[in-house]
Amino acid sequence: MSSRLTGDETALWKAAARVLDANWTGTATAASPGLYPHQWSWDSAFISLGLARHRPDRAETELLSLFRGQWADGMLPHIVFNTTLARHAFFPGPDLWRSTGQAAAPRTVQTSGLTQPPVHALVALRLHECARDGESSRGFLARLYPLLAAQHRHLATARDLGAGGLAAICHPWESGLDNSPAWDRPLAALQLPPTAYAPAHRSRTLPTGEDYDRYVRLVALMRDAGYRPEYLRESHPFAVEDPLFNATYLASAHALAEIARIVGADPVPHREAAQRLHTALLDRLWDPDTGCFRARDLRDDRLLPVITAGSFGPLLDPELPAAHVRNLVDLLLSARFAGAAGYPVPTCDIQAPAFDRGGYWRGPTWVSTNWLIWYGALAHGLPVVADLLYGSTIRLVRQSGFREFFDPFDGTGRGSHDYSWSAALVLDLLGARRAPQAA
């Protein structure tokens, strides 16, 4: 361990490593064994970043294990189920998704039918940059490259529902920010059947009542339509272009170009894809009136009103114009976000009526969104923002442990304990601090 880490940081490193070791199942890492026992897509990507600092062999296994669930059309599902567990160990389980009955789904792996933010190429490249054995790492990238390329092709062909160059999410869960207030308006327009879907044993941290019934209703509609792109484009009631989802897509397109170069493939198509996403983000999701990015509801072709932490996602675009960067930084540091929170960054505008300091993605601070904003700040040479995010995240876990999410005002830990991505991303933050060249 480098002398760059203080004694407190070294203790935190060891504690984070213990969480990942305890949550390791042999082939992947449970997000939280008691509450989320399966493998989640962007959880797994974030977890692999921490494993790269602690157990590089497991980092590669983690990502490859996730891609076992990839569908033949390239869709990377947001859950890969651990079939050694009871079928009702988690809701919604395999019985809701019925993936094995779908033409493109794998036959021997049970998955969901949704995707999640495509951070995976960005993560894979970062794993390579942290690798001790460059030759072995290149072999790993060569194995992963066609899977990542297929993931990106799927998004470009099946999810450009607005024909504007961005990928659309078809369910709030695909955003990663599951119950964000950003989705309230399109969800409210969804008609529910007379009977409710969600059982009493749903997760204690997730929304309940009509909100959850709407989530399950959207799954049922997609499932009953065979998850077909034609249905999603023409009929599905929820179709939103989300800035965070597309920012991770753009950053991963840049990373995929670099991976292609490393493994001897053609990087040009990926660079061109990144440029198209860059242009579309600015054209379709930038709101000059509010000086930030906002999600667009494709069903009524309007920007959604609530500003969330997802608005800062486009800092992941290395070519974001300087004026846009300044606007985002001003908003981030204002009393609507970090300026009024003792433990930033809250996931919703504090001044929005829908803000809820304890409401899952409706206000609490999460390590994952902090990490994404931190990473984007580094890319744009914003040390003040990067240091703020580093310091606030470390203070959170030092005070409250590796919790699922945190109160943005007093730092109280909420949700699950020993949450894997919180531990993993702290390891990556600490690893970047002791080896700045890897950041």
Side-chain angles (χ1 to χ4, degrees), residues 16 19-20 23-25 27-32 36 38-70 74-80 111-112 114-131 137 140-141 143-145 147-152 154-155 167 169 173-178 242 244-256 258-259 310 313 316 366-376 404 419-429 431-432 438:
V19 169
L20 295 187
N23 293 353
W24 177 249
T25 67
T27 56
T29 307
S32 175
Y36 306 108
H38 302 290
Q39 188 175 18
W40 268 259
S41 176
W42 79 323
D43 286 70
S44 198
F46 287 139
I47 288 164
S48 69
L49 288 173
L51 289 173
R53 304 290 190 176
H54 170 54
R55 290 290 302 269
D57 55 326
R58 288 184 182 175
E60 296 183 0
T61 300
E62 181 82 33
L63 276 187
L64 291 171
S65 175
L66 177 67
F67 275 88
R68 289 183 307 115
Q70 188 171 34
M75 196 276 286
L76 186 64
H78 93 298
I79 305 174
V80 176
T111 76
S112 71
L114 304 178
T115 193
Q116 266 187 333
V119 296
H120 307 82
L122 176 65
V123 165
L125 182 60
R126 191 163 172 84
L127 262 58
H128 178 70
E129 291 167 349
C130 295
S137 179
F140 164 70
L141 289 182
R143 186 175 174 187
L144 197 59
Y145 171 73
L147 308 179
L148 294 166
Q151 177 193 25
H152 282 231
H154 172 262
L155 293 173
I169 60 170
W173 293 341
E174 293 195 317
S175 72
L177 281 59
D178 297 1
D242 172 45
L244 179 60
F245 188 100
N246 281 283
T248 63
Y249 183 17
L250 186 160
S252 280
H254 279 296
L256 198 51
E258 179 61 15
I259 291 171
L316 294 169
W366 289 69
V367 173
S368 55
T369 42
N370 275 11
W371 186 92
L372 288 166
I373 300 169
W374 168 82
Y375 192 85
E404 187 177 359
Y419 198 70
S420 291
W421 83 16
S422 296
L425 292 175
V426 165
L427 281 177
D428 189 64
L429 288 171

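Note that the structure is predicted; figures quoted are calculated from it, not measured.
- When atom types are taken as modelled, the side chain of Arg143 and the backbone of Phe140 share no donor-acceptor pair closer than 3.5 angstrom.
- Under the 30°/60° scheme for interplanar angles, the aromatic rings of Trp40 and Tyr36 are found to stand perpendicular.
- A heavy-atom distance below 4.5 Å is found between the side chains of Leu256 and Tyr145.
- In this structure, the side chains of Thr248 and Leu122 stay at 4.5 Å or more apart for every pair of heavy atoms.
- Rounding to the nearest 0.5 Å places CG of Leu49 at 11.5 Å from OG of Ser368.
- Expressed to the nearest 0.5 Å, how far CG of Leu51 lies from CZ of Arg58 amounts to 7.5 Å.
- Taking every heavy atom of both residues into account, Ala52 and Ala59 meet most closely at N-CB, 3.6 Å.
- With rounding to the nearest 0.5 Å, the separation of CG in Leu372 from CH2 in Trp42 is 6.0 Å.
- A pairwise comparison of heavy atoms in Ala30 and Ser420 identifies O-OG, 2.6 Å as the closest pair.
- Between the side chains of Asp242 and Ser175, no donor-acceptor pair of N or O atoms lies under 3.5 Å.
- The structure places CD of Glu60 at 12.5 Å from CZ of Arg55, a figure rounded to the nearest 0.5 Å.
- Proximity of Ile259 to Leu144: side-chain heavy atoms (C-beta onward) are nowhere separated by under 4.5 Å.
- Closest of all the heavy-atom pairs between Val367 and Ser422 is CG2-OG, 3.8 Å.
- When all heavy atoms of Gly376 and Leu316 are compared, the closest pair comes out as N-CD2, 4.0 Å.
- The main-chain N or O of Ile79 is found under 3.5 Å from a side-chain atom of Ser112 such that the two form a donor-acceptor pair.
- The two residues Ala253 and His152 come nearest to each other via the heavy atoms N-CE1, 3.5 Å.
- In this structure, Leu147 CG and Leu63 CG are separated by 10.5 Å, a value rounded to the nearest 0.5 Å.
- Side-chain contact between Phe67 and Leu148 is present, with heavy atoms from C-beta onward closer than 4.5 Å.
- Gln151 places no side-chain N or O within 3.5 Å of a backbone atom of Leu76 that could act as its donor or acceptor partner.
- In this pair, Trp173 and His78 present their aromatic rings parallel. The plane angle is below 30°, not in the 30 to 60° band.
- Residue Glu258 holds its CD atom at 7.5 Å from CD of Glu129, rounded to the nearest 0.5 Å.
- Side-chain contact check for Thr61 versus Trp24: some heavy-atom pair is nearer than 4.5 Å.
- A side-chain donor-acceptor contact under 3.5 Å links Ser41 and His120.
- Counted by atom type alone, Glu404 and Ser32 present zero donor-acceptor pairs between their side chains at under 3.5 Å.
- Contact of the Leu20 side chain with the Leu427 side chain is registered, since non-hydrogen atoms from C-beta on lie closer than 4.5 Å.
- With hydrogens and angles ignored, the 3.5 Å screen pairs no side-chain donor or acceptor of Thr115 with any backbone N or O of Met75.
- Looking at Ser65, its side chain never comes within 3.5 Å of a backbone N or O of Glu62 through a donor-acceptor pair.
- Side-chain contact between Asp428 and Arg126: present, with at least one pair of heavy atoms (C-beta onward) separated by less than 4.5 Å.
- Annotation: side chain of Leu429 is not in contact with side chain of Asn370 (no heavy-atom distance under 4.5 Å).
- The shortest non-hydrogen separation linking His128 to Leu141 is CG-CD1, 3.5 Å.
- Partner Phe46 forms a ring pair (Phe, Tyr, Trp, His ring centres under 6.0 Å) with one of Trp366, Trp421, Tyr419, Tyr375 and no other, that one being Trp421.
- No donor-acceptor pair under 3.5 Å is formed between the side chain of Ser137 and the backbone N or O of Ala131.
- Of the possible donor and acceptor atoms, none in the side chain of Gln39 sits under 3.5 Å from a partner among the backbone N and O of Ser44.
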